[in-house]
Amino acid sequence: MLDQIHWLAAVTVLGVLEQAYFFLQVIYARRLFGVSPPKISGPPEFERISRAQVNSSEYFPIFLALLWQAGLFFHQGLAAALGLLYLYARYCYFMGYKASSSERLTPIYFSAGVLWILIAVSALGILHFFLSHYVGLNVLQRLRA
């Protein structure tokens, strides 16, 4: 069974490490700009870093659920590759937002596109599972014939 989920697990760990990096960037920015907890506002530079981290954290559970659904019900390799693309886009988003609010746009649109693809792949995989297990209709087998 582990050979069916090892790539998903690896991408999950990378995602957790990325989130930890974003958290650490906020701690560093708090020290740099003198914004002590529980304050959440400060100079624009701090607020951009803080907002980038919060936004990334908000989307992380959605990403994880879709990554695992796509990997388990459709294809582990494709889901892991999409997961890596998503993590790269979120890193670019974070770094872009850190530099300027306008530099976050392209990466956020790209990461949203990857999430939509994961949604589609997940839905197709789950639909195939239900059709083949409960209706007896194996669409993939019929397409190959």
Side-chain angles (χ1 to χ4, degrees), residues 1-31 35 37-42 44-145:
M1 169 157 160
L2 291 179
D3 60 329
Q4 297 173 2
I5 62 169
H6 63 283
W7 289 114
L8 301 175
V11 172
T12 299
V13 170
L14 286 174
V16 169
L17 290 173
E18 182 177 69
Q19 290 297 307
Y21 173 75
F22 296 161
F23 293 144
L24 290 172
Q25 290 297 300
V26 173
I27 291 170
Y28 175 74
R30 282 187 177 282
R31 292 179 184 154
V35 180
K39 288 185 191 176
I40 56 171
S41 61
E45 297 84 359
F46 168 76
E47 290 184 6
R48 286 196 311 268
I49 293 168
S50 178
R51 188 63 208 136
Q53 181 270 319
V54 169
N55 185 269
S56 295
S57 294
E58 290 167 348
Y59 278 86
F60 194 62
I62 296 167
F63 162 69
L64 286 179
L66 293 172
L67 172 74
W68 281 86
Q69 288 174 8
L72 294 174
F73 287 98
F74 195 85
H75 190 274
Q76 177 189 202
L78 176 62
L82 289 168
L84 290 174
L85 277 175
Y86 177 82
L87 294 177
Y88 176 71
R90 288 313 276 194
Y91 177 79
C92 292
Y93 163 80
F94 187 90
M95 299 311 283
Y97 207 169
K98 185 177 176 180
S100 164
S101 61
S102 63
E103 290 187 40
R104 78 189 194 289
L105 295 176
T106 300
I108 196 71
Y109 294 144
F110 184 77
S111 66
V114 173
L115 283 181
W116 280 109
I117 294 169
L118 281 170
I119 288 170
V121 169
S122 297
L124 287 173
I126 292 168
L127 178 63
H128 175 263
F129 176 82
F130 279 113
L131 288 175
S132 64
H133 281 79
Y134 296 108
V135 181
L137 178 63
N138 190 334
V139 177
L140 294 179
Q141 189 175 43
R142 291 184 187 265
L143 289 176
R144 291 182 189 137

Could you tell me if the side chain of [Y] sits less than 4.5 Å from the side chain of [X], heavy atoms only?
X: Gln69; Y: Ile119; answer: no
X: Leu72; Y: Ile5; answer: yes
X: Tyr97; Y: Glu103; answer: no
X: Val35; Y: Lys39; answer: yes
X: Ser56; Y: Tyr93; answer: yes

Shortest non-hydrogen separation from Ala80 to Trp7 and the atoms involved =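 Shortest heavy-atom contact: CB-CB, 3.7 Å.
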Residue pair Ser122 / Ala70: nearest heavy atoms and the distance that separates them =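 For Ser122 versus Ala70, the nearest heavy atoms are OG-N, 3.3 Å.
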To the nearest 0.5 Å, tell me how far Leu78 CG sits from Ile117 CD1.
->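 Leu78 atom CG to Ile117 atom CD1 measures 8.5 Å (nearest 0.5 Å).
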Stepwise side-chain contact (heavy atoms from CB on, under 4.5 Å) check, Ile49 with Phe94 | CA-CA 7 Å; Ile49 293 168; Phe94 187 90; 3.9 Å; yes
Residue of the set Val114, Leu115, Leu66 for which side chain to side chain contact (heavy atoms under 4.5 Å, CB included) holds with Leu82 |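 It is Val114; the other options fail the test.
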Tell me whether the count of non-hydrogen atoms from other residues, nucleotides or ligands lying under 6.0 Å of [atom1] in [X] goes above 12.
X: Ile40; atom1: CD1; result: no
X: Tyr91; atom1: OH; result: no
X: Trp68; atom1: CH2; result: yes

Look at the side chain of [X] and the backbone N and O of [Y], then say whether any donor-acceptor pair between them is shorter than 3.5 Å.
X: His133; Y: Phe129; result: yes
X: Gln76; Y: His6; result: yes
X: Ser132; Y: Asn138; result: no
X: Glu47; Y: Ser41; result: no

Intermediate values then yes/no, ring pair (Phe, Tyr, Trp, His ring centres under 6.0 Å), Phe63 and Tyr59 = CA-CA 6 Å; Phe63 162 69; Tyr59 278 86; over 10 Å; no
Extract all donor-acceptor atom pairs below 3.5 Å that involve side chains of residues 13-25 and protein atoms in other chains or at least two apart in sequence.
unit_1 : atom_1 : unit_2 : atom_2 : d
Gln19  : OE1    : Ser57  : OG     : 3.1
Gln25  : OE1    : Lys98  : NZ     : 2.8

Apply side-chain contact (heavy atoms from CB on, under 4.5 Å) to the pair Leu67 and Val11, showing each step before the final yes or no.
-> CA-CA 9 Å; Leu67 172 74; Val11 172; 3.9 Å; yes
Quick one: do Arg51 and Glu58 satisfy salt bridge (charged side-chain N to carboxylate O under 4.0 Å, His left out)? Show the steps, please.
-> CA-CA 10 Å; Arg51 188 63 208 136; Glu58 290 167 348; 3.3 Å; yes
Take Phe110 and Tyr88 through the side-chain contact (heavy atoms from CB on, under 4.5 Å) test and state the conclusion after the steps.
-> CA-CA 10 Å; Phe110 184 77; Tyr88 176 71; 5.7 Å; no
Using the side-chain contact (heavy atoms from CB on, under 4.5 Å) rule, take Ile108 and Arg90 through it: C-alpha gap first, then chi angles, then the decisive distance, then the call.
-> CA-CA 7 Å; Ile108 196 71; Arg90 288 313 276 194; 2.7 Å; yes
